[in-house]
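Read through the structure below, which is laid out as structure tokens, and then see the notes.
These numbers come from the heavy atoms of this one structure, side chains and all, not from hydrogens, waters or symmetry mates.
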Amino acid sequence: MIVMDVLDVSIDLPAQYPSVSLRESEPPKRSLAFPVGLAEGTALALALRRMESPRPLTHELFMEVIRRARIEVIAVRLIGREQGNYLAELDLMAPERLLLESGDVVPLPV
């Protein structure tokens, strides 16, 4: 596995969308840049700069659920490309199975 760090999120005009820049942690320190949506780029830029938003953003709510469920994010992997979009998967580890009321979890996939 190649470990990469997020360097920055930027918009280079005349592009309409932000670009995320990643770089390998170890030599040869290759880089990868790819476009993301405006909302995703803004959220990532705020997170990288440790700036607060006026309300919780989607990724913040998602991470709060993961934290409260005591689930550890092991890795985020870029696994391919489809129709110009990079695909990723999360590698998660939970300490135990969660037992929840069906009424609480049935709406989640909707």
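Nearest heavy-atom pair, P18 versus G41, reported as atom, atom and distance to 0.1 Å: CG-CA, 3.9 Å. What you find for L92 and I74 is that their closest heavy atoms are C-CG1, 4.3 Å. For S53 against L46, the heavy-atom pair with the smallest separation is CB-CD1, 4.1 Å.
One hydrophobic cluster, built from ILVMFWY side chains closer than 4.5 Å, cannot hold both Y17 and L44; they sit in different ones. M63 and L57 end up in different hydrophobic clusters when Ile, Leu, Val, Met, Phe, Trp and Tyr side chains are linked at under 4.5 Å. No chain of hydrophobic side-chain contacts below 4.5 Å, direct or via other Ile, Leu, Val, Met, Phe, Trp or Tyr residues, connects V76 to M4.
Side-chain contact check for E40 versus V9: every heavy-atom pair is 4.5 Å or farther apart. At a threshold of 4.5 Å between non-hydrogen side-chain atoms, the residues E64 and L61 do not count as touching. With contacts defined as side-chain heavy-atom distances shorter than 4.5 Å, the pair V73/I66 qualifies.
Once rounded to the nearest 0.5 Å, the distance linking CG of L38 with CD1 of I11 reads 6.0 Å. Here the CZ-CZ distance, from R30 to R23, works out to 13.5 Å after rounding to the nearest 0.5 Å. Atoms CD1 and CG, on I2 and L32 in that order, are 10.0 Å from each other to the nearest 0.5 Å.
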Under 3.5 Å donor-acceptor pairs involving side-chain atoms of residues 77-90, not counting sequence neighbours:
unit_1 : atom_1 : unit_2 : atom_2 : d
R77    : NH1    : D91    : OD2    : 3.4
R77    : NH2    : D91    : OD2    : 3.2

(request) List the steps, then state whether side chain to side chain contact (heavy atoms under 4.5 Å, CB included) holds for L7 with L22. (result) CA-CA 5 Å; L7 291 180; L22 306 177; over 6 Å; no
(request) List the steps, then state whether salt bridge (charged side-chain N to carboxylate O under 4.0 Å, His left out) holds for D8 with R49. (result) CA-CA 9 Å; D8 198 16; R49 291 164 179 81; 3.0 Å; yes
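A side-chain N or O of S25 and one of D5 form a donor-acceptor pair less than 3.5 Å apart.
Heavy-atom neighbours of F34 CZ from other residues, nucleotides or ligands within 6.0 Å: above the threshold of 12.
Between E24 and K29 there is no salt bridge, since no side-chain N of the basic residue sits under 4.0 Å from a carboxylate O of the acidic one.
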